There are 2 protein chains.
Amino acid sequence: MADTYDPSAFPPFAVTADLVILTVQPPTVRALLVRRASGPFAGSWALPGGFVGPDQSLADAAHETLARKTGVSVDATHLEQLASFGRPDRDPRMRIVSVAWLALLAEPAEPVAGDDTDEAQWVDVAALDGDLAFDHAEILATGIERARNRIEYTTLATRFCGDEFTMAELRAVYETLWSTELDPANFHRKVLAIDGFVEPTGENTSGGRGRPARLYRRGDAVDLDPPVRR
Amino acid sequence: MADTYDPSAFPPFAVTADLVILTVQPPTVRALLVRRASGPFAGSWALPGGFVGPDQSLADAAHETLARKTGVSVDATHLEQLASFGRPDRDPRMRIVSVAWLALLAEPAEPVAGDDTDEAQWVDVAALDGDLAFDHAEILATGIERARNRIEYTTLATRFCGDEFTMAELRAVYETLWSTELDPANFHRKVLAIDGFVEPTGENTSGGRGRPARLYRRGDAVDLDPPVRR
DNA sequence: GCAATAACTAGTCATAAAGACAATAAAGCA
DNA sequence: TGCTTTATTGTCTTTATGACTAGTTATTGC
């Protein structure tokens, strides 16, 4: 960083935390979006977000927005930094740099309308034709692509499942995000072969059609070795 | 993003682009660092960087800093966004959000001292004990970790080699970054089996000890399939 | 109740990839 | 010439993957 500096010599940048909040509801991938009530792009869908406060860390700003929109506990969520977007003209009002975050949720908690009265809603990302406010379509695409890659090498796919889930539910997460079909038998064998990916609860499902499935919970592992190839 | 806004209602944020510029000189990994001449952390090593200009994109700011410090052509370099760092107290002077970038270079171009008269130098990252200015040790560690992961799934390892390189040189990049030894025969077979990773030039090395090695150049592939496992 | 059905789980076999290691090739050098 | 060094090829074993078959265990509809 340069040594010379003078706060007033630099134009005012604002910094926001914008969130790509994803959930998988087979056969759809859904993002939590807000409909802008006013200002530029009024009426368009946008990513939920908020300005980073003067004494607030970037992560805190992201957590705050997530809690405000979903009310979901931090434990039940995976939240990671995605990338920053800062084209000079991305917001017509002023120079705003957006630090984007990716959140992965199991259940679509009822979205909470913001104090800015924007309508919040889970939207099937396949139904969007890229008509989001600002450069949010690009940010959303980056987030989805990140999620698609993450589940290959990490255990994050389990974040889209509840605390207890069946092998078929976990497989549906992969199939939905990757738009592929995976062989149930081979998937089953492979997942169980990865140490710490899932742990059996000892319980079974009941009430469904067909043979009840065993229930599993998340294991301790973070990275998948070997990875689950696409 | 919130609809309500008022530029003056927000404290002045400054945004910088800070670069983790890496090269591999087996058996060392080197980063291009500058020694701070004045200001906070005077005398300490720091990452090269600069403020993002009022009408400058984040990427342009990164490219500019890279060119200023290395003089290396953009073509010969891989430059990707790493992450953003914005703890409120990371700079004692004012609120600064750093968008960090990762650059991978083949040859250690002679570093160029900045106009701020900071001394620039390639430093063996193993010799640093984390005593960098600001939170730059954390940023550097993030960059090295990113590079270590990237060469597993992408062809970026070739970015650390010159335009023409031998299989042993490419292998040394992996061995240096991963601190492992790889079997020469198996590595050779594996690299050639990946379509578009490297292409033979038809030339051989000469003058060294032992059998001359074939020379290769980068192929067209970006991702490695299958990956080179650690 | 009793098939029929759906869904999960286990097993088999052929193929492909990876790891260990031996063997050969092509230079320089004493 | 023969030894050393490094590069490349080849072989064998083990392991992982993919396609497929068969068995298990529940619910659903006569």
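Just so it is clear: chains get the letters A, B, ... in the order the sequence lines come, proteins before strands, and each one is counted from 1. What you see below is based on every heavy atom in this structure, not just the backbone, and it leaves out hydrogens, waters and symmetry mates. Here the structure is a predicted model, which means the values were calculated and not measured.
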Would you mind reading off the distance between [X] atom [atom1] and [N] atom [atom2], rounded to a whole angstrom?
X	N	atom1	atom2	answer
A/Arg229	D/dT15	CZ	C1'	16 Å
B/Leu215	C/dA26	CG	P	17 Å
A/Met167	C/dT9	CE	C1'	10 Å
A/Glu181	D/dA19	CD	P	12 Å
A/Phe165	C/dC8	CZ	P	14 Å
B/Arg230	C/dG19	CZ	P	14 Å
B/Leu182	C/dA20	CG	P	11 Å

Contact state string [nucleotides 22-30 of chain D, B base, S sugar-phosphate only, - no protein heavy atom under 4.0 Å]: -BBBBS---
Under 4.0 Å, counting only non-hydrogen atoms across every strand here, what does [X] touch: a base, just sugar-phosphate, or nothing?
X	result
A/Ala185	base
B/Ala168	sugar-phosphate
A/Arg189	base

- request: Could you tell me whether the side chain of B/Ser98 and the main chain of B/Phe85 form a donor-acceptor pair under 3.5 Å?
  value: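 No; judged by distance alone, with no hydrogens or angles, the pair does not exist.
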task: State whether the side chain of A/Thr154 and the backbone N or O of A/Leu156 hold a donor-acceptor pair below 3.5 Å, judged by distance alone.
output: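 Flag set: sc A/Thr154 to bb A/Leu156 pair under 3.5 Å.
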Side-chain N,O ([X]) to OP1/OP2 ([N]) below 4.0 Å:
X	N	answer
B/Arg214	D/dT9	yes
B/His188	D/dA7	no
A/Lys190	D/dT17	yes

Among D/dT17, C/dC21, D/dA7, the one nearest B/Arg171 by side-chain distance: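 Shortest atom-to-atom distance from the side chain points to D/dA7.
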- prompt: Does the pair B/Arg171/B/Glu175 count as a salt bridge with the N-to-O cut at 4.0 Å?
  reply: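 The answer is yes: the pair qualifies as a salt bridge.
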- prompt: Any ion pair linking A/Arg150 and A/Glu80 (charged N to carboxylate O, less than 4.0 Å)?
  reply: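 Salt bridge flag = yes for A/Arg150 with A/Glu80.
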- request: Identify, with sequence neighbours excluded, every residue that meets side chain to side chain donor-acceptor pair (under 3.5 Å) alongside B/Asp124.
  value: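 Here no residue qualifies.
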message: Assuming nearest nucleotide by heavy-atom distance, tell me which of B/Thr166 and B/Asn186 is located more 5' along DNA chain D.
response: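 Here B/Thr166 is the residue nearer the 5' end.
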message: Nearest heavy atom decides the nucleotide; on that basis, is B/Asp183 or B/Pro227 closer to the 5' end of DNA chain C?
response: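 Its nearest nucleotide being more 5', the pick is B/Pro227.
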message: For the CG atom of B/Leu19 and the CG atom of B/Leu140, what is their distance to the nearest 0.5 Å?
response: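 So the gap between those two atoms works out to 12.0 Å.
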message: Check whether A/Trp45 forms a cation-pi arrangement with A/Arg35 (NZ or CZ under 6.0 Å from the six-membered ring centre, at most 45° off the ring normal).
response: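 Satisfied, under 6.0 Å and within 45°.
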